[in-house]
Amino acid sequence: PPARGIDGITAIDLLHTVVERGSDLVMMMDATATITWISDSVERLSGFRRAELVGVDALSLLHPDDVVATTQYIVDALEPDAETPEPVTIRAVGSDGSVHWLEAVGRNHLEDPTIGQIVVHLRDVTEQHEATARLKASEARTRGILDSAVDGIVTVDSDGFVEAFNRGAEDIFGWSADEIVGKRCDLLFGPGNLEQLLRSSTESAQQRLVPGYGVRKNGSRFPAQVS
């Protein structure tokens, strides 16, 4: 008989309780990717009731563009000597057609007589994905604004390393952004020169542009105004 733990509750009952109250989605499927069991949290996540999904091909719930890669992920997980796979990000389509980004990890327990299923843990990462997408879009807009400027724009961190380098700066200094970002700004303004220029700019409330010089990639100097 099933082992009984706290207050006579079986281990299986306890496991089901933990799974059902968790925020993550747990799904079991057979070797053909047919869903055999899924936690109730699926309704909150996708709008589908559990009864609607048991017996359904799990791949049919995915965004079409993710089916091939996910199929390969399952095939790899079924290999006899397969290690525990790394999490994979997939898109699932809800009952209303909305797309949800999920982080999934599948484990092959087909040969385990107590389980006999592939167990998949899924976590909704839609908010994180959308936040990342918004950040990338914002960075792209900022980059577009910087690149459209005629002046050279160079941003430097507190340690003196170049963080951003627009096209105007590429034309002026002769460096590409790929070459100079992450390098010391001394390559552009001479050792200690930028710090001195910025100090002068800060001390002079009337003078926003401070005259100085820049150093091109070929080593030649040119007059520059720094703010």
Side-chain angles (χ1 to χ4, degrees), residues 23-25 44-47 59 61-73 85-105 121-190 193-195 197-199 201-202 208-227:
S23 58
D24 291 354
L25 173 64
R44 171 185 54 78
L45 180 64
S46 70
L59 297 174
L61 303 173
L62 299 181
H63 188 284
D65 291 345
D66 291 346
V67 172
V68 173
T70 305
T71 301
Q72 187 59 52
Y73 181 85
E86 294 294 322
V88 62
T89 302
I90 59 177
R91 287 166 292 180
V93 181
S95 61
D96 60 356
S98 59
V99 175
H100 302 268
W101 290 84
L102 306 174
E103 182 182 82
V105 179
H121 293 259
L122 302 112
R123 175 171 298 176
D124 189 354
V125 294
T126 303
E127 289 186 5
Q128 297 93 310
H129 177 82
E130 291 178 346
T132 299
R134 287 193 297 270
L135 177 59
K136 288 182 178 179
S138 176
E139 290 174 343
R141 286 193 297 271
T142 301
R143 182 67 185 178
I145 294 171
L146 292 177
D147 284 343
S148 66
V150 176
D151 293 338
I153 300 177
V154 181
T155 61
V156 179
D157 67 15
S158 58
D159 294 318
F161 290 92
V162 178
E163 290 186 322
F165 200 73
N166 77 335
R167 289 178 183 170
E170 290 180 331
D171 293 338
I172 293 170
F173 289 94
W175 295 89
S176 70
D178 289 340
E179 292 175 313
I180 199 66
V181 169
K183 300 286 198 317
R184 292 281 305 178
C185 66
D186 293 350
L187 291 171
L188 304 174
F189 301 101
N193 187 40
L194 180 61
E195 289 85 347
L197 291 171
L198 294 178
R199 192 181 310 115
S201 177
T202 302
R208 295 182 61 189
L209 293 175
V210 177
Y213 70 87
V215 182
R216 297 187 179 91
K217 184 178 180 180
N218 63 13
S220 62
R221 293 187 180 190
F222 61 91
Q225 291 181 316
V226 179
S227 67

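Computed from a prediction, not measured in an experiment: that's the story for all the values here. Both backbone and side-chain heavy atoms feed into the values below; hydrogens, waters and symmetry mates do not.
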Worksheet item: Are Val162 and Thr155 close enough that some pair of their side-chain heavy atoms sits under 4.5 Å apart?
Response: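 Heavy-atom side-chain distance check fails, nothing below 4.5 Å.
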
Worksheet item: So, do Thr70 and Leu59 sit near enough that their side-chain heavy atoms are less than 4.5 Å apart?
Response: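 Thr70 vs Leu59: side chains touch.
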
Under the side chain to side chain donor-acceptor pair (under 3.5 Å) test, which residues partner [X], sequence neighbours left out?
| X | result |
| --- | --- |
| His121 | none |
| Lys217 | Glu179 |
| Ser138 | none |
| Asp66 | Arg91 |

State, to 0.1 Å, how close [X] and [Y] come at their nearest heavy-atom pair, and which atoms those are.
| X | Y | result |
| --- | --- | --- |
| Leu45 | Leu25 | CD2-CD2, 3.8 Å |
| Gly214 | Ala224 | N-CB, 4.0 Å |
| Thr126 | His100 | OG1-CA, 3.5 Å |
| Ser220 | Asn218 | OG-OD1, 2.6 Å |
| Val215 | Gly190 | CG2-N, 3.9 Å |
| Pro87 | Glu103 | CB-CG, 3.8 Å |

Item to complete: Output yes when a side-chain donor or acceptor of Glu170 lies under 3.5 Å from a complementary backbone atom of Ala177, and no otherwise.
Response: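 Flag set: sc Glu170 to bb Ala177 pair under 3.5 Å.
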
Worksheet item: Just by distance, do the side chain of Asn166 and the backbone of Gly152 share a donor-acceptor pair under 3.5 Å?
Response: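 Judged by distance alone, no pair lies under 3.5 Å.
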
To the nearest 0.5 angstrom, please state how far the [atom1] atom of [X] sits from the [atom2] atom of [Y].
| X | Y | atom1 | atom2 | value |
| --- | --- | --- | --- | --- |
| Ser176 | Arg167 | OG | CZ | 12.0 Å |
| Asp124 | Asp24 | CG | CG | 9.5 Å |
| Tyr73 | Glu86 | OH | CD | 8.0 Å |

Item to complete: Pick out which of Leu61, Leu102, Asp65 makes a side-chain contact (heavy atoms from CB on, under 4.5 Å) with Ile90.
Response: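 With Ile90 as partner, side-chain contact (heavy atoms from CB on, under 4.5 Å) holds for just one option, Leu102.
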
Fill in: Set of residues satisfying ring-ring contact (aromatic ring centres under 6.0 Å, His included) with respect to Trp101, sequence neighbours excluded
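Here the qualifying residues are His129.
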
Practice prompt. Mind jotting down which residue pairs meet the ring pair (Phe, Tyr, Trp, His ring centres under 6.0 Å) criterion with at least one end in residues 136-168? Sequence neighbours excluded, please.
Written response: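 Listed once each, the pairs are Phe165-Phe173.
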
Discussion item. Looking at Arg216, I want to see if its CZ is surrounded by more than 12 non-hydrogen atoms of other residues, nucleotides or ligands under 6.0 Å.
Written reply: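 Yes - once you tally the heavy atoms of other residues, nucleotides and ligands closer than 6.0 Å, there are more than 12.
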
Discussion item. Applying side chain to side chain donor-acceptor pair (under 3.5 Å) to Ser98 and Asp96, what does each step give before you reach the verdict?
Written reply: CA-CA 6 Å; Ser98 59; Asp96 60 356; 2.6 Å; yes

Item to complete: For Leu62 and Val93, run side chain to side chain contact (heavy atoms under 4.5 Å, CB included): C-alpha distance rounded to whole Å, both residues' side-chain angles, the deciding distance at 0.1 Å, then the answer.
Response: CA-CA 6 Å; Leu62 299 181; Val93 181; over 6 Å; no

